[in-house]
Student: 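Can you keep this structure in mind? I'll have questions shortly.
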Amino acid sequence: MPCLSLAQQSRFVQAELLKTIKAKNAKPGDPVKARAVTSANLPGGVSIAEGAVLLGQVRSADPRSLAISFDEAEMDGKKTPLSLSIRAAMMPGGSETHSGVAAQTGSIIGMPGVTLHVDDSPQHASKFESAGKELQLSHGLQLMLSVPH
């Protein structure tokens with residue numbers, strides 16, 4: 001792993017959900033996988049390569065809400081522990097900023113009626129909540145993940 005200056009580090013990883021999750025069928029402990037769509041060098045010396053699989057789990061679920069955290073990255077068959085919370089999300093084809101990331105912390109572009117409560121606690125389980133219908137996070141959902149503060 002090359003030595004990096006602080007200027008080359010990032011708190012953020014862009015990723016794509018690899019499987020649809022229906023909140024009504026989800027249970028705490030269910031695995032969640034996402035693929036990094038950009039590479040990132042996180043504080044603490046962890047490097048995430050583009051294409052790395054980010055491994056997480058459902059922390060809580062009911063038909064209208066789902067809390068998820070990411071705890072490992074799998075690269076070249078090796079697992080690296082990490083702590084990432086979901087900061088924002090965007091359905092594929094939704095509006096983007098010029099830098100290609102979702103607009104702001106807690107936003108979910110392309111999912112009206114769904115809010116995201118960002119968790120910066122040690123558990124780092126950010127929670128999606130639907131105002132009126134059963135919640136589903138679709139395959140391909142774009143996630144902006146970060147190291148909790």
Side-chain angles (χ1 to χ4, degrees), residues 1-23 26-61 65-130 135-149:
M1 204 180 313
C3 185
L4 300 169
S5 72
L6 289 177
Q8 294 172 300
Q9 289 185 353
S10 172
R11 277 191 46 228
F12 301 102
V13 178
Q14 287 179 258
E16 170 181 89
L17 195 61
L18 292 178
K19 184 179 177 186
T20 296
I21 304 169
K22 293 183 179 182
K27 300 179 296 306
D30 283 353
V32 177
K33 291 184 180 183
R35 177 172 288 116
V37 296
T38 59
S39 59
N41 297 303
L42 303 174
V46 176
S47 293
I48 305 295
E50 181 178 342
V53 176
L54 304 174
L55 306 170
Q57 64 179 297
V58 172
R59 296 289 183 172
S60 67
S65 70
L66 194 60
I68 298 171
S69 64
F70 287 89
D71 307 301
E72 293 181 306
E74 186 173 10
M75 297 171 281
D76 301 322
K78 295 179 185 172
K79 292 182 180 177
T80 302
L82 50 75
S83 177
L84 295 173
S85 64
I86 301 169
R87 308 299 292 184
M90 178 177 69
M91 289 300 299
S95 299
E96 299 181 26
T97 65
H98 68 282
S99 64
V101 296
Q104 61 187 9
T105 296
S107 69
I108 305 174
I109 298 171
M111 294 180 71
V114 177
T115 56
L116 175 63
H117 302 277
V118 176
D119 182 1
D120 281 326
S121 76
Q123 186 177 354
H124 62 274
S126 296
K127 186 174 187 176
F128 292 87
E129 288 187 308
S130 175
L135 179 65
Q136 175 176 300
L137 302 181
S138 298
H139 169 267
L141 179 68
Q142 302 293 303
L143 304 171
M144 182 173 62
L145 308 169
S146 79
V147 175
H149 299 298

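Just so you know, residue 1 is the first one in the sequence shown, and it goes up from there.
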Student: State, yes or no, whether a side-chain contact exists between I21 and L135 at a heavy-atom distance under 4.5 Å.
Tutor: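 The answer is no, as the side chains (C-beta and beyond) never meet within the 4.5 Å cut-off.
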
Student: State, to 0.1 Å, how close Q142 and V37 come at their nearest heavy-atom pair, and which atoms those are.
Tutor: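 Heavy-atom minimum between the residues: OE1-CG2, 4.3 Å.
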
Student: To the nearest 0.5 angstrom, please state how far the CD atom of E72 sits from the CG atom of L84.
Tutor: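 Between E72 CD and L84 CG, I get 11.5 Å after rounding to 0.5 Å.
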
Student: Locate the shortest heavy-atom distance separating S85 from D120; write the atom from each residue and the value.
Tutor: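 The answer is OG-OD1, 3.9 Å.
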
Student: To the nearest 0.5 angstrom, please state how far the CE atom of M144 sits from the OG1 atom of T38.
Tutor: 11.0 Å

Student: Ignoring hydrogens, what is the shortest heavy-atom contact between A52 and M75? Give both atom names and the distance.
Tutor: CB-CG, 3.2 Å

Student: For L18 and H139, work out which heavy atoms get closest and say how close.
Tutor: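 For L18 and H139, the tightest heavy-atom pair comes out as O-CD2, 2.8 Å.
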
Student: With rounding to the nearest 0.5 Å, note down the distance linking OG in S47 to CG in L82.
Tutor: 11.5 Å

Student: Working to the nearest 0.5 Å, report the span between CG of L143 and CG of L137.
Tutor: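 Rounded to the nearest 0.5 Å, the CG-CG separation comes to 8.0 Å.
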
Student: Do F128 and I86 touch side chain to side chain, with heavy atoms closer than 4.5 Å?
Tutor: yes

Student: Looking only at heavy atoms, what is the nearest atom pair of L66 and A61, with distance?
Tutor: CD1-CB, 3.7 Å

Student: For K27, enumerate each residue passing the salt bridge (Lys or Arg N to Asp or Glu O under 4.0 Å) test, keeping only those at least two apart in sequence or located in another chain.
Tutor: D30

Student: Quick one: closest heavy-atom pair of H124 and F70, and the distance?
Tutor: NE2-O, 3.3 Å

Student: K33 versus L55: any side-chain heavy-atom pair under 4.5 Å?
Tutor: yes

